[in-house]
Structures are given as C-alpha cells and as structure tokens.
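One structure is given here, and the rest of the page talks about it.
Heads up: numbering here begins at 1 and tracks the sequence.
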Amino acid sequence: MVLCTSCGKRKAVIVVKSRGEALCKECFLRKFKDLVIKALTDARLTGGLGSKLVAVATSGGKDSSNALYVLNELKQTYGFDLIAIMVNEGIKGYRELKAKALRKLCKKLNVELIEVNLRKEVGVDIDEVASLYERGLIPFKPCTVCGVLRRYLVSLYAKELGANYVATGHNLDDEIQTFVMNLIRGDLRAIAREGIITSPGPEDVIPRFKPLYYITERESMAYFILRGLMTPHVECPYAKLSMRYKIRSLINYAEYRYPGSKYRLLKLKEEIKAKVEMPRTALRKCTICGMPSSRHICRACEMKEEISKALRELKLSKF
Ligand code: SF4
Ligand code: ZN
C-alpha cells in the first residue's frame with residue numbers, strides 16, 4: 001500500500017508523478033482547492049471578490065462542474081455570489097444528456113442556472129453549422145463557431161445579469177493545448193494574451209478567469225470522481241474535427257514519454273508571456289451588436305453573417 005505523502009497516514013488514491021506526490025482522498029481534495037485558491041491569488045482576485053457576482057460558464061462536463069463546485073465552496077470565504085450559465089448549442093445525443101446532469105448539480109448546490117439556446121439567439125445550431133461545413137458552404141469548423149458564439153453569448157448574458165466576472169472550466173491541459181496551437185500558428189499576440197485572467201479592459205468588458213489553471217485534466221477527472229459528481233460519458237461528435245483534439249493527443253504522448261512536459265510547457269508559456277510586451281488593441285463597439293470588439297464588426301457577428309449567407313444560398317439551391 002502506498003501511503004499519502006502529505007499526511008503519511010492514509011492510503012494514497014492518486015499519484016502525481018510530475019509533483020512527486022501520492023495523495024489520499026482527503027489530501028487530494030484539499031490540494032485541489034488550494035490550487036484553485038492559488039489561481040485566484042495569482043489572478044489578484046482574492047481581495048476583490050467581496051459582494052461580486054461570478055457567472056460560471058458551465059457545460060455539464062467535468063471541468064466546468066468542478067469549477068462550479070469549488071467556487072461554491074469558496075464563495076462564503078471570499079464573499080461573492082455565484083450563478084451558472086449554460087449555452088445549449090443544439091448538438092443531438094450530447095447536449096441534452098450533459099444539460100440534465102448540470103441541472104441536477106446546480107439544484108444540489110443551490111446555484112441558479114441560466115440556460116441560453118443558441119438557435120433562439122442566433123438562428124442556427126451547431127448541428128446545422130456542421131452540416132454547412134461538411135458541404136463546403138462555410139469555412140469554419142463546428143468547434144470554431146461553437147467556441148466564438150458560446151463565448152459571445154456567455155458575455156452577453158453575464159452582462160445582462162450584472163455579473164462582475166466570468167469563470168470558465170479551462171484546466172492546465174487546455175491552457176497548454178492553446179499555447180501549442182498558438183505556437184504552430186505563429187501567433188505571439190495570442191500567446192501573450194492567454195493567462196489565468198484576461199487583462200483589464202474597458203469597464204463594459206467582463207474579466208474572465210480560470211480557477212482550474214493549475215490543475216491537469218487527469219486531476220480534474222480524479223476530483224470529479226472522488227466528489228461523486230456525475231455526467232454521462234458522451235463526447236461531442238465534432239471534437240475530433242478540431243485542431244485541439246490532435247494537439248491534445250500529441251501533448252499527452254509527450255507527457256507519457258517525458259513526465260513533467262505539461263508543467264514545463266506551462267512554465268515556458270508564462271516566461272514568454274512575461275517577456276513579451278504587446279501593445280493593447282483598442283476596443284470599440286461592434287457596429288452590429290454593440291458588444292466590445294477590436295474590429296468594426298465582432299467575430300461573432302461576422303460568423304453569423306457568413307452562416308446566414310450560406311443558409312440563404314442553400315435554400316435558393318433547393319428551388
Ligand atoms: Fe462545441 Fe467543439 Fe466543444 Fe463540441 S467539441 S461542444 S462543437 S467546442
Ligand atoms: Zn457584434
């Protein structure tokens with residue numbers, strides 16, 4: 001039996017090779033919470049959350065459910081209030097199952113859940129976007145549209161609800177996947193932009209932060225199981241089409257062959273970020289929707305326009 005390296009008394013249930021730790025359930029759950037507090041501290045949030053409203057962008061998956069669970073535990077200590085927002089992207093065989101689990105969790109935690117329907121909001125769902133992409137009618141993959149529109153709707157609703165912050169379920173693996181993707185794209189500006197919290201912007205831009213920034217996917221899964229949280233084991237059918245999916249396998253292989261790769265990549269990203277000074281892009285208001293944007297028309301409105309055009313063309317071709 002491997003003993004917990006933290007308390008030295010109980011049986012270890014998880015080994016974290018990269019940190020040289022073997023932890024029992026109690027110590028692991030405590031460590032998880034400590035890593036969330038570290039993220040809040042590094043984001044300089046611990047002193048400023050009192051009486052604030054934090055909107056958690058939730059999907060019903062393990063990461064955003066864990067973020068919601070831990071923030072719910074911490075809300076009394078730091079004096080903030082919580083609300084959950086879920087965007088229903090309209091992905092058959094996936095979304096409804098995840099939504100059901102999330103509704104149950106929110107009820108258990110007594111956190112209000114705001115459900116936003118993508119089709120009602122923008123006139124299209126991700127199943128339809130995927131079909132347009134497969135026919136070559138739009139250049140965007142489902143994940144690209146889904147990511148941009150979900151982010152857009154979460155910001156819109158968070159603003160309407162009077163939230164001061166948006167918390168997301170991004171974990172350490174997500175963070176380094178994004179880093180490697182940006183490296184491959186040669187996008188230094190994007191590397192400098194990504195972090196635990198978004199850089200301060202104009203007043204009407206709600207800051208987004210990542211409570212699970214220091215937590216690996218594996219630890220997040222272990223926490224989810226050890227907390228007895230439930231979600232159906234279904235994967236989004238479009239995940240495999242994304243660049244992230246391939247990069248994820250590549251990084252997992254590197255971690256398997258060379259343990260500690262993930263932490264080293266995170267450290268490298270932080271070093272680059274600290275050295276690179278990028279001039280901040282001035283934000284204006286999107287001329288279509290009025291949301292803050294660095295461009296004349298925001299990316300979400302640009303995508304909506306292209307999708308509507310493709311849908312119109314498809315309708316005409318059927319006559
Ligand atoms: Fe959306 Fe892609 Fe995630 Fe599916 S895998 S929910 S399409 S971002
Ligand atoms: Zn817009």
Side-chain angles (χ1 to χ4, degrees), residues 1-46 49 56 58 61-78 105 109 167-180 194-197 209-231 233 244 247-274:
M1 180 173 90
V2 180
L3 275 185
C4 172
T5 48
S6 177
C7 67
K9 290 184 217 146
R10 292 177 289 260
K11 187 181 159 209
V13 293
I14 180 165
V15 175
V16 185
K17 266 195 206 160
S18 48
R19 286 202 302 264
E21 290 172 343
L23 298 172
C24 68
K25 180 177 170 181
E26 287 79 354
C27 292
F28 173 72
L29 296 178
R30 197 190 54 244
K31 175 87 193 188
F32 194 96
K33 195 164 150 187
D34 287 348
L35 286 172
V36 171
I37 296 173
K38 178 175 163 46
L40 298 185
T41 310
D42 291 352
R44 298 202 178 91
L45 280 174
T46 40
L49 283 175
V56 186
T58 47
K62 65 178 191 326
D63 299 313
S64 55
S65 299
N66 287 344
L68 186 67
Y69 194 98
V70 186
L71 289 176
N72 194 51
E73 274 190 339
L74 293 173
K75 70 179 183 191
Q76 265 183 335
T77 315
Y78 296 103
L105 176 65
L109 301 179
T168 63
H170 295 98
N171 60 35
L172 187 147
D173 286 53
D174 297 322
E175 196 62 22
I176 55 173
Q177 284 155 20
T178 306
F179 170 55
V180 174
E194 286 297 327
I196 306 179
I197 186 163
F209 69 95
K210 301 167 185 164
L212 309 189
Y213 187 83
Y214 294 116
I215 291 158
T216 61
E217 175 125 29
R218 183 169 166 265
E219 289 170 288
S220 185
M221 178 55 88
Y223 185 86
F224 193 72
I225 294 167
L226 292 171
R227 274 277 175 231
L229 303 174
M230 305 282 185
T231 193
H233 292 291
R244 183 175 293 277
I247 298 295
R248 182 181 169 207
S249 310
L250 195 77
I251 296 172
N252 282 342
Y253 181 69
E255 179 68 31
Y256 165 71
R257 292 299 303 260
Y258 315 106
S261 295
K262 291 183 181 178
Y263 280 104
R264 286 191 293 276
L265 279 168
L266 188 74
K267 201 163 164 271
L268 174 66
K269 191 207 79 149
E270 290 298 335
E271 279 173 13
I272 295 176
K273 193 174 156 65

**Prompt:** Hey, what do you get for CG (N171) to NZ (K62), rounding to the nearest 0.5 Å?
**Reply:** 6.0 Å

**Prompt:** Is there a donor-acceptor pair under 3.5 Å between the side chain of K9 and the backbone N or O of C4?
**Reply:** no

**Asked** Checking salt bridge (charged side-chain N to carboxylate O under 4.0 Å, His left out) for the pair E73/R227: CA distance, chi angles, key distance, verdict?
**Response** CA-CA 13 Å; E73 274 190 339; R227 274 277 175 231; 3.2 Å; yes

**Item:** Separation between CD of E175 and CG of L265, rounded to the nearest 0.5 Å
**Value:** 11.5 Å

**Message:** Quick one: does any side-chain atom of S220 pair with a main-chain N or O of T216 as donor and acceptor, under 3.5 Å?
**Reply:** no

**Request:** Check whether any side-chain heavy atom of S65 lies under 4.5 Å from a side-chain heavy atom of T231, and answer yes or no.
**Result:** no

**Asked** For L74 and L40, what are the C-alpha separation, side-chain angles and deciding distance, and is it a side chain to side chain contact (heavy atoms under 4.5 Å, CB included)?
**Response** CA-CA 11 Å; L74 293 173; L40 298 185; 4.1 Å; yes

**Asked** Between atom NZ of K210 and atom CG of D63, what is the distance when rounded to the nearest 0.5 Å?
**Response** 12.5 Å

**Complete:** Here the pair of heavy atoms bringing G169 nearest to A67 is CA-CB, 4.4 Å

**Complete:** Correct closest heavy-atom pair for L71 and P211 would be CD1-CG, 4.0 Å

**Request:** Work out which heavy atom in C24 is nearest to a heavy atom in V13; give both atom names and the distance.
**Result:** C-CG2, 3.8 Å

**Request:** Test L23 against every option in E219, R10, K31, R30 by the side chain to side chain contact (heavy atoms under 4.5 Å, CB included) rule and name the one that passes.
**Result:** K31

**Candidate pair R248 and D173, rule side chain to side chain contact (heavy atoms under 4.5 Å, CB included), full reasoning** = CA-CA 8 Å; R248 182 181 169 207; D173 286 53; 5.9 Å; no

**Message:** Test side chain to side chain contact (heavy atoms under 4.5 Å, CB included) on L266 and F179; report intermediate values, then the result.
**Reply:** CA-CA 8 Å; L266 188 74; F179 170 55; over 6 Å; no

**Prompt:** Backbone N or O of E21 within a donor-acceptor pair of the T5 side chain at under 3.5 Å?
**Reply:** no

**Asked** In terms of heavy-atom contacts, does CD of Q76 have more than 12 from other residues, nucleotides or ligands at under 6.0 Å?
**Response** no

**Prompt:** When rounded to the nearest 0.5 angstrom, what distance separates OH in Y214 from CG in D42?
**Reply:** 3.5 Å

**Prompt:** Can you tell me how far NZ of K33 sits from CD1 of I215, rounded to the nearest 0.5 angstrom?
**Reply:** 12.5 Å

**Prompt:** Which of these passes side chain to side chain donor-acceptor pair (under 3.5 Å) with Q177: K262, H170, R244?
**Reply:** R244

**Asked** Of all residues at least two apart in sequence or in a different chain, which pass the ring-ring contact (aromatic ring centres under 6.0 Å, His included) check with F32?
**Response** Y223

**Request:** Could you tell me whether R44 atom CZ has more than 12 heavy atoms of other residues or ligands within 6.0 Å of it?
**Result:** no

**Message:** Is there a side chain to side chain contact (heavy atoms under 4.5 Å, CB included) between I197 and Y213? Walk through the geometry before answering.
**Reply:** CA-CA 10 Å; I197 186 163; Y213 187 83; over 6 Å; no

**Request:** Any chance you could measure D34, atom CG, to K38, atom NZ, to the nearest 0.5 Å?
**Result:** 11.0 Å

**Message:** Measuring only between side-chain heavy atoms, which start at C-beta, is I176 closer than 4.5 Å to K269?
**Reply:** no

